[in-house]
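Below is one structure, written out as C-alpha cells; comments come after it.
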Amino acid sequence: MLGLKATMLVIDNSGALLAECVNVLKTKTGHGMARIGDEIVVVVKRARPITAGAAGTASATAQAAKVRRGDVRRAVVVRTKYPTRRPDGRYVRFDDNAAVLINNKKEMIGNRIGGVVAAELRNRGWGKIVSLAPKVV
Amino acid sequence: MSMVRTKISATFSQLCKRCYSTANSSYPFSSSVTVPSPSPPSPSQIPPKTASLLSTLNTHLSSLDPSSSSLIPLFSRRSPTRVLPGSVLTVTSYSTPPSASNPSPSLTTFSGVLIGVRRRNEGRDLSIRLRNLVGRTGVEVAFKVFSPLVKEIKVVQRAETSGPLLATAGAKEGERRKPVIKASKRAKMYFVRDQPNRLTGVAGIIKQQREREMQAENRKGARR
C-alpha cells in the first residue's frame, strides 16, 4: 500500500538506493495505493555516487550507476510491508517496502536484483524481475 | 429470501447426511474426485451438550480435515503437546490445489519461527504466523493450517519452557539442561520485529535439520 510520499528501497543495481513515490499508475482500485506488481512513478532520494572517470575494468560497467539523486523514474513495487493475500488465504508480509526501477517500455534499468521479491510479480507479468531475483517468496 | 433459506438448509442437511453416513461417500459430479472419510472428533474434543450449535459445528468442521488428528494436538489451546510460540516450523505447500489430473503440483517450503497462532471458531480457520529472515529482509507468512494447499507442517525444533532433567552423577536434584529454544512468555511474539538479532540463530537450526534429513535419506539409499 504505497501512495504519495511513501519511501522504499531500490533493490536493483541502477544506482538508486532510496525512492519516494510520487504517483501510482493505472490502479483500478479507488484508494490509489500501489500493491506488489503495480507501476509507480518515483523520485530518487538517495543514490550511489557516480564515479567521474570510469576505470576500464569489467566490474565498473556492471556497477555503472545510471541514476542520479532527484531523477524521476518509473518503478515496480516488489515488496510491501502491507500484507498481500494469496488465493489460498496465505498472507505474506515483508519488513520493508522495495521497488525496482524500470523505463517507459517496462524494461528494467538495472540488470541485477539484490534481495527477496514477492511471487505475485509472476502473475502480474514481471517474469523478468522474478527470474533475476535471488529469492522469491 | 425464504426460498434462499430453505435452499441453503436443504443442501446443508444433504452435506451432513453425506458426511456422516456410513455408506460409501460419493461426489455426484465427478468420478475422479475422492472424498476422504471424515473421522469424528475425539471424545475430548467434542464440546459439552450445553455448548452452542455453532461451536459444536465448528468443532466437527475442523475435525473433518484428513490431517486434523495430527495438527489439532499441535495447535490446540490446551493440548499438552502443543507447539509453543518461538518454535521453528517448516510448512510445505502446493502452488495450486492438487486435482485428479495433477495430483502433485509444485511445492514451496517456508521455514520460520512461530510468532503467533490464530485460534477462532473452535479451530475452524486455524492459522499460524511464521517469521524468518530471507536474505536480510524479514518475511512473515500466515498459513491456514487446514487449507488443502498446505501439504505438511513439520516441527523442526520445539521451544521449551525448561530443558530435560539432568541425570548425570554430578547434577543436583531437579537440575535441568538449557533448552535449545527457550519459549517466550508471550502468546504472540510481535516484539521480535524490533529485535533483528533474535532470529539469526534460526537459519542455523533449519540448516542442521535439513542436513540431518539429507543424511537419513542417503543412508536409506545406501541400504537399498
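For clarity, every value in this text was computed on a predicted model and none was experimentally measured. All chains are named by letter (A, B, ...) in the order of the sequence lines, taking the proteins before the strands, and each is independently numbered beginning at 1.
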Validation row: B:Val141, A:Arg90 side chains within 4.5 angstrom (heavy atoms): yes
Atom OG of B:Ser95 and atom CZ of A:Arg86: how far apart are they, to the nearest 0.5 Å? 11.0 Å
Mind checking the CG-OH spacing from A:Asp88 to B:Tyr94? Nearest 0.5 Å is all I need. 13.0 Å
To the nearest 0.5 Å, what is the distance between OH on A:Tyr91 and CD on B:Glu140? 14.5 Å
What option among B:Leu149, B:Asp125, B:Thr137, B:Thr108 has the most heavy-atom pairs under 4.5 Å with chain A? B:Thr137
Is B:Ser127 close to chain A through its backbone or its side chain, or both, or neither, when contacts mean heavy atoms under 4.5 Å? neither
Do the charged groups of B:Arg131 and A:Asp95 touch, with an N to O distance under 4.0 Å? yes
With a 6.0 Å cut-off (strictly less than), is the heavy-atom count around NZ of B:Lys188, excluding the residue itself, greater than 12? yes
Looking at B:Arg136, I'd like to know if its CZ atom is crowded, meaning that more than 12 non-hydrogen atoms belonging to other residues, nucleotides or ligands lie closer than 6.0 Å. no
Are more than 12 heavy atoms from other residues, nucleotides or ligands located less than 6.0 Å from atom CZ of B:Arg212? yes
Side chain, backbone, both or neither: which part of A:Val92 has an atom under 4.5 Å from a heavy atom of chain B? both
Is B:Arg124 atom CZ crowded by more than 12 heavy atoms from other residues, nucleotides or ligands, each under 6.0 Å away? yes
